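Heads up: the structure comes next, in structure tokens.
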Amino acid sequence: MSAPLLDLRVSDKHYDTRTIIERLTLSIRRGEIVSLVGPSGCGKSTLLRILAGLDRDFNGEILLDGRPQQGPSNRIGVIFQEPRLLPWLNVADNVAFPAGPRRGNDPRVGSLLAEVGLAEARAYLPKQLSGGMAQRVAIARGLFSEPDLLLLDEPFSAVDAMTRMRLQDLLLSLVRSHGTAALLVTHDLDEALYLSDRVLLMTPSGKTGAGRIVREIAVGVERPRDRRDLLLASLRGELLEGLGAVTV
Ligand SMILES: Nc1ncnc2c1ncn2[C@@H]1O[C@H](COP(=O)(O)OP(=O)(O)OP(=O)(O)O)[C@@H](O)[C@H]1O
Ligand SMILES: [Mg+2]
């Protein structure tokens with residue numbers, strides 16, 4: 001089996017005197033989709049910020065293709081809860097922003113915008129977009145530098161249920177066609193199970209109450225998946241149990 005794309009080891013991560021994450025390891029293979037679920041405050045966003053190279057104040061290491069990684073890399077794209085578009089740049093310039101402030105003429109922009117269904121919107125300003133459109137621009141921007149890994153922190157939590165399902169399918173087809181691996185933080189267990197090859201459950205554990213991965217669920221359901229699949233429903237039960245939301 002080939003070496004993992006990403007290997008993360010966090011011995012510990014503190015904020016002041018509080019231990020936020022402790023003894024956590026995580027590997028992601030090339031092209032794999034992994035979700036991270038867990039209660040509010042258990043350290044999911046902190047973990048994503050570490051992986052994105054935005055927080056280097058931790059003990060541990062990040063290996064990308066076996067090489068130590070320090071600081072942000074164009075091989076890792078990040079998509080946040082809110083689109084974080086620059087309001088004074090049009091859609092095309094926002095998508096190409098990883099290359100610089102006014103690079104909207106880059107030929108990759110047109111094909112990415114077509115892929116996210118926004119070919120006609122390249123000259124729009126962010127204020128002219130709906131929430132779902134803005135998040136599609138953010139997805140296109142996340143893919144602009146052709147990353148090997150996309151990190152997504154609750155990317156669809158601000159849109160309505162129908163848009164959310166469409167964006168999930170869009171994400172799935174994009175990561176498949178680009179061969180990108182994805183690590184998705186979500187509170188939506190159905191979303192995690194529908195999209196992922198593996199779902200990791202993170203909870204506050206041990207004496208310190210620091211975040212650790214306590215359970216891993218492999219989702220062995222073939223794609224395309226049916227959201228009503230009974231195996232997905234039973235895995236959902238397993239996750240709920242792990243979250244302490246059901247008693248057995
Ligand atoms: N900059 C910071 N300074 C001090 N404490 C912080 C900081 N950022 C986060 N924390 C604390 O670290 C813990 C983990 O926060 P984090 O944002 O990673 O949680 P999360 O799992 O993403 O939660 P949610 O599901 O609500 O987004 C929380 O207790 C939070 O209060
Ligand atoms: Mg968070």
Side-chain angles (χ1 to χ4, degrees), residues 3-29 32-73 75-82 84 148-157 181-193 195-219 235-248:
L5 169 68
L6 175 97
D7 255 318
L8 168 75
R9 182 178 56 78
V10 180
S11 317
D12 59 82
K13 158 72 193 168
H14 289 83
Y15 278 127
D16 304 319
T17 54
R18 268 187 66 208
T19 314
I20 306 295
I21 299 173
E22 201 169 37
R23 280 186 281 152
L24 184 150
T25 59
L26 169 65
S27 288
I28 299 179
R29 291 186 287 276
E32 193 179 25
I33 305 175
V34 179
S35 284
L36 187 62
V37 302
S40 185
C42 75
K44 304 179 298 296
S45 296
T46 304
L47 188 68
L48 240 59
R49 287 178 53 78
I50 287 175
L51 275 172
L54 299 171
D55 183 348
R56 293 170 65 181
D57 184 20
F58 71 102
N59 290 311
E61 65 176 350
I62 305 169
L63 300 177
L64 203 55
D65 274 331
R67 268 176 241 111
Q69 190 66 34
Q70 270 146 9
S73 155
R75 296 185 56 198
I76 300 182
V78 190
I79 297 172
F80 298 96
Q81 189 167 2
E82 67 292 343
R84 299 195 186 184
D148 294 314
L149 173 65
L150 209 51
L151 303 173
L152 304 105
D153 196 352
E154 300 186 44
F156 310 136
S157 56
L183 178 64
L184 169 82
V185 169
T186 178
H187 283 288
D188 182 337
L189 303 184
D190 294 319
E191 175 171 279
L193 290 165
L195 293 178
S196 312
D197 299 304
R198 281 186 294 142
V199 180
L200 309 177
L201 176 60
M202 187 171 175
T203 60
S205 314
K207 267 187 267 168
T208 56
R212 292 215 209 130
I213 292 170
V214 293
R215 200 178 285 204
E216 171 177 328
I217 291 183
V219 188
L235 293 175
R236 185 179 203 280
E238 220 176 294
L239 281 172
L240 281 170
E241 188 194 317
L243 284 163
V246 290
T247 44
V248 284

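No hydrogens, no waters, no symmetry mates; every other heavy atom, side chains included, goes into these values. Just so it is clear, the model here is predicted, and its values are computed rather than measured.
- There is no side-chain donor-acceptor pair under 3.5 Å between Thr19 and Thr208.
- The shortest distance between side-chain heavy atoms of Leu6 and Leu183 does not fall below 4.5 Å.
- Between Ser27 and Asp7, the closest side-chain pair of non-hydrogen atoms falls below 4.5 Å.
- In this structure, Val37 and Ala192 approach most closely via the heavy-atom pair CG1-CB, 3.9 Å.
- The distance from atom CG of Leu24 to atom OG of Ser205, rounded to the nearest 0.5 Å, is 9.5 Å.
- Between Cys42 atom SG and Leu243 atom CG the span is 9.0 Å, to the nearest 0.5 Å.
- Smallest separation of non-hydrogen atoms from Thr203 and Gly242: CG2-O, 4.4 Å.
- No salt bridge links Lys44 with Asp153; every basic N to acidic carboxylate O contact stays at or beyond 4.0 Å.
- For the pair Leu48/Glu154, no side-chain contact is recorded, criterion being any heavy-atom separation below 4.5 Å from C-beta on.
- The side-chain heavy atoms of Glu241 and Arg215, taken from C-beta on, include a pair separated by under 4.5 Å.
- Proximity of Leu64 to Asp148: side-chain heavy atoms (C-beta onward) are nowhere separated by under 4.5 Å.
- Counting only heavy atoms from C-beta outward, the side chains of Leu8 and Leu47 approach each other to under 4.5 Å.
- Atom CD in Glu216 sits 9.0 Å away from atom CG in Leu26 (nearest 0.5 Å).
- Considering Ile33, Leu193, Leu235, Leu184 in turn, Leu193 is the only one that fulfils the side-chain contact (heavy atoms from CB on, under 4.5 Å) rule with Val199.
- The two residues Ser196 and Val34 make their nearest non-hydrogen contact at OG-C, 4.1 Å.
- Distance alone, capped at 3.5 Å, is enough to place a donor-acceptor pair between the Asp188 side chain and the Asp190 backbone.
- In summary, Arg29 and Asp197 do not engage in a salt bridge, as defined by a charged side-chain N under 4.0 Å from a carboxylate O.
- The distance from atom CG of Asn59 to atom CD of Glu22, rounded to the nearest 0.5 Å, is 11.0 Å.
- Nearest heavy-atom pair, Lys13 versus Phe58, reported as atom, atom and distance to 0.1 Å: CD-CB, 4.0 Å.
- Residue Ile28 comes nearest to Ala181 through the heavy atom pair CG2-CB, 4.0 Å, listed as atom of the first residue, atom of the second, then distance.
- Across Val185 and Pro155, no two heavy atoms sit closer than the pair O-CD, 3.9 Å.
- If you take OG on Ser11 and CD on Glu61, they are separated by 8.5 Å, rounding to the nearest 0.5 Å.
- Atom CD1 of Ile62 sits about 15.0 Å away from atom CZ of Arg67, to the nearest 0.5 Å.
- Contact annotation: the side chain of Leu51 never approaches that of Ile76 to less than 4.5 Å [non-hydrogen atoms, C-beta and beyond].
- Side-chain contact check for Leu150 versus Ile79: some heavy-atom pair is nearer than 4.5 Å.
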